[in-house]
Every structure is written in structure tokens, then in C-alpha cells.
K.L.:
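Quick one: the structure is below, questions incoming.
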Amino acid sequence: MVAHDERLQSLSIWKRLLLRPELGSIAGLIVVFLFFAITAGGNGFLTWLSVRNYLEVAAQLGILAAAVALLMIGGEFDLSVGSMIGIAGITIAVLSSPDYVHLPPSLAVLITLVFSLGIGYINGWLVMRTGLPSFIVTLAMMFILAGLNIGFTKLITNLTIVSGLQDVVAKDPVAGLFAGSWLGLPASVWWWLVVTIVLSMVLLRTSFGNWVFGAGGDPNAARNVGVPVRRVKISLFMLTAAAATVVAAIQTLSIGSANVLNGQGKELEAVAASVIGGCLLTGGYGSVIGASIGSLILGMVQQGIVYTNIDTDWYKVLVGGMILGAVILNNYLRRKSLEVRR
Amino acid sequence: MTPLVELRKVSKYFGPVVSLKDIDMKIYAGEVHCLLGDNGAGKSTLIKTLSGVHKPSEGQIVFEGQEVSFSSPREALNRGIATVYQDLAMLPLMSISRNFFLGREPRVGPLRLYDGNYTANVAREELRKIGIDIRDPDQPVGTLSGGERQSVAIARAVYFGAKVLILDEPTSALGVKEAAVVLKYVVQAKTRGLGVIFITHNVHHAWAVGDTFTVLNRGKSYGTFAKADTAREKLLQMMAGGEELEALAVELDLISKKDPTSAGRMEHGVAEELHREGGSSA
């Protein structure tokens, strides 16, 4: 009997590894790191400055991707998060700018958060109410938010950029949560770390997390066993909107200005990071940690390419190739994990 | 002895369509009650009415002596009526233990967290009780065979305190050996004191485990029979709708008079077919 168990143990370590959705992204991270370490190690890729750079780029994407991954595991998309960053950034800027409303930045962030949670609720409510694919509903919301943002910003300011927030940010101690830095790393990196850990805990260690898997894997089956699918999905849409607001607050308060074009394209980068991290487009499978590693890979490539002799214009080709490679690898690994039988 | 569940003159209409008409049925604890019928006989509508998906248009459902009216499957589940659907309500990419507890996760400790070790242990133990030895409750359900998935679903219902277990065609998609394993769990559930409603159109499976049989045809009940009072062939004949087969024979007879040669061949073929089916079921 004892020998029997030992045999199982050794088999199960390999299988356990195969069962991790983030396995592919970890392999990808190692490959990407080695590639730049070898080709650009001499040009400063391995310096602290470079590390700081790509961590910061990865952090902003990672905060978003962690939430987007959770939503994707729940079986839905949110293409409006990019526009949400733009409109949330401008709202924070207009509310806190001395030229306009002149509220403390922390209060401005709070008000903006309430607004974006409302948008997230509308997204989720529309998807559940109409039964339309969230791809379409949030695509529409993406255009609506982008249009509203430009329209209102020009109406109020005659410009598309709101700036001059440095002084009010400096006076508000709470704003340091978004604009400050600790241990040589900007606030965004710390936010990224905390958001990833908390959301991963929620996914893996709470009932809600189990419902997310269920709602994404098979909503009817989940409903049959008593999972409140509607509530779960609407909460997830509110979560992605909140994550977009955090990113907007970090961008706006650390630079001291907001541009209506902020966040454009981030919605697809977040999907890319989630997919590289092992999320299934059809829902029910994936990992928050994987999405964060996916963000780290994208950040590393975007910043690492600067240190090589390759023209940065080629960045997107690399990203595209990586998405394709990651999906094929993840698909293969997932099939493999289902083959490994008891 | 009062029945666990009793249906009194239950009818269900969908617009002009009569799906069920005046169904009477009594299910007792510790028995396997087989619900037989051909496709379209109303078996699915009947169990959906019992499990809270539909409300009956007429008639009453009495559970443990009390009249009940369920507005959702969840409500029926909370009262102890668990249904294992044909499509199983299982997520292939999710682990066995997560599937086992989906919708009823235990919350442990001050943070009320989901405890992976606890759920894995309970799932392993519960499956061992019904005779499935799984090495790793963390493996995806997709690695299990169809029969094993049925068994996990049954074990789940039993663990969460089901008093009535409704099984919708649990053996129809399975091979012979796997079906036998599932039938074994049906009997085990019965010996643990559950009332089992076993829906099938396979008389052999029903006969192997059933104590009582209710036969539906075109939304109406032919009645309920104890095993001692009926025979497999009788049930089969009722399921096929004996009268309809007779009508078919008359029709074929008429055709043969108009076109004796080809109709004769056809009738011969049909007769042979029926004979073969009867032979294989005997």
C-alpha cells in the first residue's frame, strides 16, 4: 500500500505541473528574458534602470490584466477598459485641477471610482439582460466612452489634455498611494503585486472564485447547482472598470496630467496578457498569476527591444508572434493535462 | 407508509401542447422507481416539474406529506430533491473536488476561505464510499469516463443530503460495463434510504434495478406496476405503445392489398425487424 502511494506521488508532481494554467507563460518568460539577456545584456538590459522600466510598464498593464483575466475566466470580455482608462483619467484630472473643480485628488479618485463602477454595472447588466455576447456590448461601450470623453473634455476645457495637477497632488497625502514610490519602485508596481495576490486568492481560495470558474465554464450547469451566475458576472465587469480606474489614477496623478487618448489599445493588450497567461477565450479556465506573468513578458519585450539593435517599430510583430506561440503551447498543454489519466 | 413524494393528477401544458395529463405517481424511500417511456413520452417534462424547473399547470406535488410548489431548482435542491441531468452539470476543465462542491462551497476559518485540502479529502472519501478510487481529486473531471462522471454526480447529490434522487437517462450514453457500474450506484443510493427516480428508455437497465415502474406514453401514464406484478415484455410493449403497432400492421395490410408485391416485401421486413427487437430484449 505504501509503495502504491509513493508511485502516485511521483506521477502527480508532473501532472500537477501540467495542470497549472500558467506553465506556458513561465516558460515564455524564461525564453524572453534569456533572449534579451543574451542579445542586449551588454547594452544595459540587465541594469536596475532597465528592470525598473519594464516593471513599471508591466505593472500598469498587469493591474488591468489581473482583472480582465478574472472576467475572461468568468466567460466574458471587456473591450471598454481602454476607453475607461481614458475617461477616468480625464475625470480625475478635471475634478482635481485648480482650473476646474479643484477637489483633493483622493476625493476625485473616489468619485471617479463610483462612476466607473456604475459603467461596469451597466456593461454587466446589458450583457445579462440582452444575452448578447459581451464582445459586442463592450465594443459599443468602448466607442461610447471614447466619444463622451473627447466630447465633454473639449466642451469643458477646449483641449484634449488636462494638466497642471502637480501642486494639488503634492498637497494630498493620499495621492501618494498612486503617485509615490517605495524602495525605489513606483506605486504602480506595488499595486500590481497586491492586486495580483488578492485577485488570485479570490479566484483560488474563495467560493466566489469557484463560481467564477463555474459561470465561465458552463453557465447553465452552474445555475443548476445554485451558482448566482448573474451576480458573479456583473461583479466581474465592475471589477475590470475599477482596475481601469486604478490605472488611470496612477497615470494621471504621477504625471500630473491626463490625455483623452490614454489607455487606447490597453483592452487588447490585457486580453493578450491573459491569453499568454493561460486564460481560455471561452472561459472556465485560466489564472490571475498567469495574466500577470503575461504582462511582465509584454513589458519586458516592449522595453527590452530598446536595448537591442532592433528597431522598436517591430515590437508589435514580436507581440503577435508571442500571442500565437503562447496560445498554441497552452492549448497543447491543456490537452495533455486532460490526457493524463489517474 | 406515506410516500416521500406524491404526484396527484399533475398536468403540464405548453400553450396548446399537452405534455403531461393527469399523472399520478408515488415514490417511497428506499425504492428505485423507474420512469419508462419512448422519446417524447413526457419523461423530461415530468422530472423538470418535480425538480422545480417547471411548475405544474394542474395537480399537486406532495413532498413528505406537505404540498409543495418550487419556483427554482435551487429550492427543490434545498428541500432534498436532487436531479442528475443527462448533461451532468459538470465542468470538464474543473477539478473533481471543485465540481463536487460547486455552488455549495464550504467556508473555513475566520476569512471563510475555500479550503482545497478539505474539499479534496471529502471528495475522495465520498467517492471511495461508492467504490470509485480516485488518486487525485484535483484532476480535471474531463479525465473521467462518462460512467465515472455520472457516479460523481450521484455521490455529490447523496453527500449534500438528497432524499429524492432523480436520474435522467444516466446509462443511455454508456457502454455495457460502465452502465453496470452506474446501476450499482443506483442500488447503493437506494439502500442508503433514498427514493430514486430512474428515467430511462432502456427496459433492461430498469428491470435490473427497479422496484416499481411507471410507464408514460404521449403524456399519459399507463399506471404504476410493482416488479412482481409485471414482466419485462409487458413493459416493453407498453413503452412502444402496443396499440400503435397494431394500427401500423393494419395500415401495412391495406397497402399490401393495393400493391401486393412491394408492400408484402415491406411488411415482411418490418415484421422481421420487430421480431429481432423482441428477441434481443427477451
Side-chain angles (χ1 to χ4, degrees), chain A residues 1 4-21 73 75 198 201-229 232 278-280 282-287 334-342, chain B residues 48 51-53 72-78 82-109 111-119 127 132-145 148-149 153 156-157 160 168:
Chain A
M1 200 59 211
H4 189 64
D5 276 359
E6 274 167 9
R7 186 177 60 87
L8 297 184
Q9 202 56 40
S10 64
L11 196 145
S12 127
I13 287 166
W14 167 234
K15 195 179 54 163
R16 247 171 243 280
L17 205 63
L18 265 183
L19 280 173
R20 309 290 324 173
I73 296 167
V198 168
M201 282 284 284
V202 166
L203 181 65
L204 299 174
R205 294 294 309 274
T206 67
S207 308
F208 183 83
N210 213 29
W211 297 349
V212 171
F213 279 119
D218 185 342
N220 276 329
R223 217 172 273 126
N224 271 347
V225 293
V227 174
V229 173
V232 168
C279 287
L280 259 187
T282 43
Y285 191 78
S287 145
R334 199 173 48 251
R335 246 200 345 264
K336 210 78 198 146
S337 78
L338 281 180
E339 273 167 19
V340 181
R341 291 214 39 193
R342 294 188 290 159
Chain B
K48 280 185 179 161
S51 64
V53 177
S72 74
R74 173 96 226 178
E75 225 173 278
L77 200 61
N78 287 342
T83 310
V84 176
Y85 290 98
Q86 224 167 342
D87 59 13
L88 283 178
M90 286 234 181
L91 305 151
L93 283 169
M94 203 188 232
S95 72
I96 295 169
S97 50
R98 279 184 178 270
N99 261 293
F100 196 93
F101 284 96
L102 182 60
R104 296 173 164 229
E105 295 81 3
R107 297 172 192 205
V108 185
L111 288 170
R112 324 243 311 132
L113 292 177
Y114 178 91
D115 184 339
N117 286 330
Y118 172 79
T119 54
L127 290 175
I132 305 180
D133 198 9
I134 46 168
R135 280 180 198 164
D136 183 5
D138 290 331
Q139 67 183 327
V141 157
T143 60
L144 297 178
S145 69
E148 286 170 324
R149 286 186 217 188
R156 173 170 68 183
F160 286 111
D168 182 16

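Predicted model, so just to flag it, every value in this text is computed and none were measured. Per chain, numbering begins at 1; letters A, B, ... match sequence-line order.
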K.L.:
Excluding sequence neighbours, so at least two apart, what forms side chain to side chain donor-acceptor pair (under 3.5 Å) with A:Thr206?
P.N.:
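With neighbours one apart ignored, the set is empty.
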K.L.:
Starting at CG of B:Leu102, measure out to CG of A:Asp218 and round the result to the nearest 0.5 Å.
P.N.:
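The distance works out to 10.0 Å.
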K.L.:
In chain order, what residues pass the side-chain contact (heavy atoms from CB on, under 4.5 Å) check against B:Arg107, with sequence neighbours excluded?
P.N.:
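B:Arg107: side-chain contact (heavy atoms from CB on, under 4.5 Å) contacts with A:Ser207, A:Trp211, B:Arg112.
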K.L.:
What part of A:Leu204 gets closer than 4.5 Å to chain B, counting heavy atoms only: side chain, backbone, both or neither?
P.N.:
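Both parts, backbone and side chain.
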K.L.:
Looking at B:Leu77, B:Thr83, B:Leu93, which has the largest count of heavy-atom pairs under 4.5 Å with chain A?
P.N.:
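Of the options given, most contacts go to B:Leu93.
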K.L.:
What distance do A:Asn210 atom CG and B:Arg104 atom CZ have between them, rounded to the nearest 0.5 Å?
P.N.:
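It comes to 13.5 Å.
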K.L.:
For the pair A:Arg205 (side chain) and B:Tyr114 (backbone), establish whether a donor and an acceptor sit closer than 3.5 Å, ignoring hydrogens and angles.
P.N.:
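Answer holds: yes.
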